[in-house]
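Since the structure comes first, as structure tokens, the remarks are kept for the end.
We use all heavy atoms of the structure for the numbers below, so side chains are in, but hydrogens, waters and symmetry mates are not.
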Amino acid sequence: MTPFYRFAARGAIIPFLRLVSRHHVRGTEHIPREGGFIAVCNHLSDLDSLTAMRCLVDAGVPVYSLAKSTIFSVPVLGHVFKAGGQIPVYRGTEQAGSSLIEAERRLRQGDAIMIFPEGTLSRDPLKWPMTGKTGAARLAMATGVPVLPMGQWGAQDILDSFGGGFHPFPRKDVHVVIREPFTLEQYGSDTSDREAVRAATAEIMRRITEIVEELRGEKAPRPYDMHYDGDPGPDKRGVRKPDPVPVEDTQPTAPASAAPAASTSASGDPVSAPAEDASEVPAPEVPGPDQGQQ
């Protein structure tokens with residue numbers, strides 16, 4: 001951990017998070033202590049990238065995120081990101097793939113990378129994890145490093161990034177759960193195999209969603225999918241469409257004159273394949289530190 005990283009995390013970010021939140025973390029024993037890995041988590045607020053990464057830094061594991069390239073040109077903040085070793089993502093440009101190349105290099109040299117596989121703040125009006133983008137799965141398949149699943153709940157009550165404003169007081173409870181790391185070896189290492197990459201992505205999101213279900217104490221509906229439910233645009237939550245009719249229910253089982261069978265709820269699998277360009281790797285903000293209850 002570089003001196004600058006340590007200063008940014010423990011000298012600025014943790015004190016700020018302690019001021020606005022009570023941090024409750026379970027499962028830090030599952031954090032790998034050596035070798036590269038990919039930490040993945042749900043994403044509801046611009047603040048929760050700090051609250052998630054804080055758990056790892058608190059455990060003495062520096063973690064690096066992928067952030068929108070425009071942040072690196074912001075005065076002061078951009079310098080913090082550059083000095084902290086964060087990775088810029090040049091979305092929609094010829095350099096879009098460079099972030100994945102750099103992330104892969106870091107993983108192979110033993111660094112930890114934090115990725116929010118939804119690729120953006122969840123647009124689900126019910127605040128559940130959406131279908132995932134493929135960047136995290138492709139990195140894990142290409143490098144063979146383990147994936148560390150995390151789930152969190154509460155940061156969205158401090159900073160509502162959909163126009164609800166910043167509500168630091170009174171301090172809010174932020175809960176984070178970390179589960180055992182897992183590998184994607186059963187999906188192979190061929191990242192050009194679209195079906196394998198999609199299946200691996202769905203497995204990552206399934207594990208994240210299970211943790212969020214535990215935190216919320218309820219069962220999640222099918223994942224919100226911006227290809228099916230619609231992309232509401234920046235800074236807006238979406239509106240869920242009716243669950244699609246399962247394929248088996250669309251096959252006629254009675255004469256044409258008979259009434260059609262009633263629709264049933266979806267199985268919970270993503271209803272469409274996520275897009276697959278390098279720009280889809282999420283852009284958490286800057287690292288943040290300290291574990292346990294503050």
Should [X] and [Y] count as side-chain neighbours, where that means a heavy-atom distance under 4.5 Å?
X    : Y    : value
R237 : P232 : no
S122 : Y224 : no
L47  : L17  : yes
R222 : D229 : yes
C55  : H23  : yes
L126 : P221 : yes

For the backbone of [Y] and the side chain of [X], can you confirm whether one donor and one acceptor N or O come within less than 3.5 Å of each other?
X    : Y    : answer
E213 : A220 : yes
K241 : Y228 : yes
S161 : D46  : yes
R22  : R171 : yes
K127 : P125 : no
T131 : D225 : no

Handout entry: Contact list for residues 158-177, test ring pair (Phe, Tyr, Trp, His ring centres under 6.0 Å), sequence neighbours left out
Key = H24-H175
Taking side-chain contact (heavy atoms from CB on, under 4.5 Å) as the test, write out the residues that go with [X], two or more places apart.
X    : result
I101 : none
D190 : S192, D193
P15  : none
A140 : I38, V147, L184

Between atom [atom1] of [X] and atom [atom2] of [Y], what is the distance when rounded to the nearest 0.5 Å?
X    : Y    : atom1 : atom2 : value
R123 : M130 : CZ    : CE    : 6.5 Å
E203 : F182 : CD    : CZ    : 5.5 Å
I204 : E118 : CD1   : CD    : 12.0 Å
S99  : L139 : OG    : CG    : 8.5 Å
L100 : R138 : CG    : CZ    : 5.5 Å

Practice task
Could you check V61 against F37 for side-chain contact (heavy atoms from CB on, under 4.5 Å), going step by step and ending with a plain yes or no?
Solution key: CA-CA 11 Å; V61 179; F37 65 91; 4.0 Å; yes
Handout entry: Enclosure of E218 CD (heavy-atom neighbours >12, cutoff 6.0 Å)
Key =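 Atom CD in E218 is packed in, count exceeds 12.
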Exercise for the section: Before accepting this row, confirm whether a basic side-chain N of the pair E210/R207 lies closer than 4.0 Å to the acidic partner's carboxylate O. Expected result: no
Problem - Minimal non-hydrogen separation, P146 against P181, with atom names - result: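 That would be CB-CB, 4.0 Å.
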Problem - Atom of A200, atom of M141 and distance for their closest heavy-atom approach - result: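 Looking at all heavy atoms of both residues, the shortest contact is CB-SD, 4.0 Å.
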Exercise for the section: Quick one: list whatever passes side chain to side chain donor-acceptor pair (under 3.5 Å) with D48, sequence neighbours left out. Expected result: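 Expected list: H43.
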Problem - Pairing residues for T143 by the side chain to side chain donor-acceptor pair (under 3.5 Å) criterion, not counting sequence neighbours - result: none
Problem - Pairing residues for E34 by the salt bridge (Lys or Arg N to Asp or Glu O under 4.0 Å) criterion, not counting sequence neighbours - result: none
Exercise for the section: State which residues pass salt bridge (Lys or Arg N to Asp or Glu O under 4.0 Å) with E214; sequence neighbours excluded, sorted by chain then number. Expected result: R26, R179
Problem - Connected hydrophobic set around I211, excluding itself, where side chains approach under 4.5 Å - result: L44, W153, V177, L215
Would you list the atom pairs, donor with acceptor, under 3.5 Å between side chains in residues 108-117 and any protein atom, with sequence neighbours excluded?
residue	atom	partner	partner atom	Å
R108	NE	E104	OE2	3.1
R108	NH2	E104	OE2	3.0
R108	NH2	A142	O	3.0
Q109	OE1	R105	NH1	3.0
Q109	NE2	D111	OD2	2.8

Problem - Verdict with reasoning, S98 to Y90, per side-chain contact (heavy atoms from CB on, under 4.5 Å) - result: CA-CA 8 Å; S98 64; Y90 300 94; 3.9 Å; yes
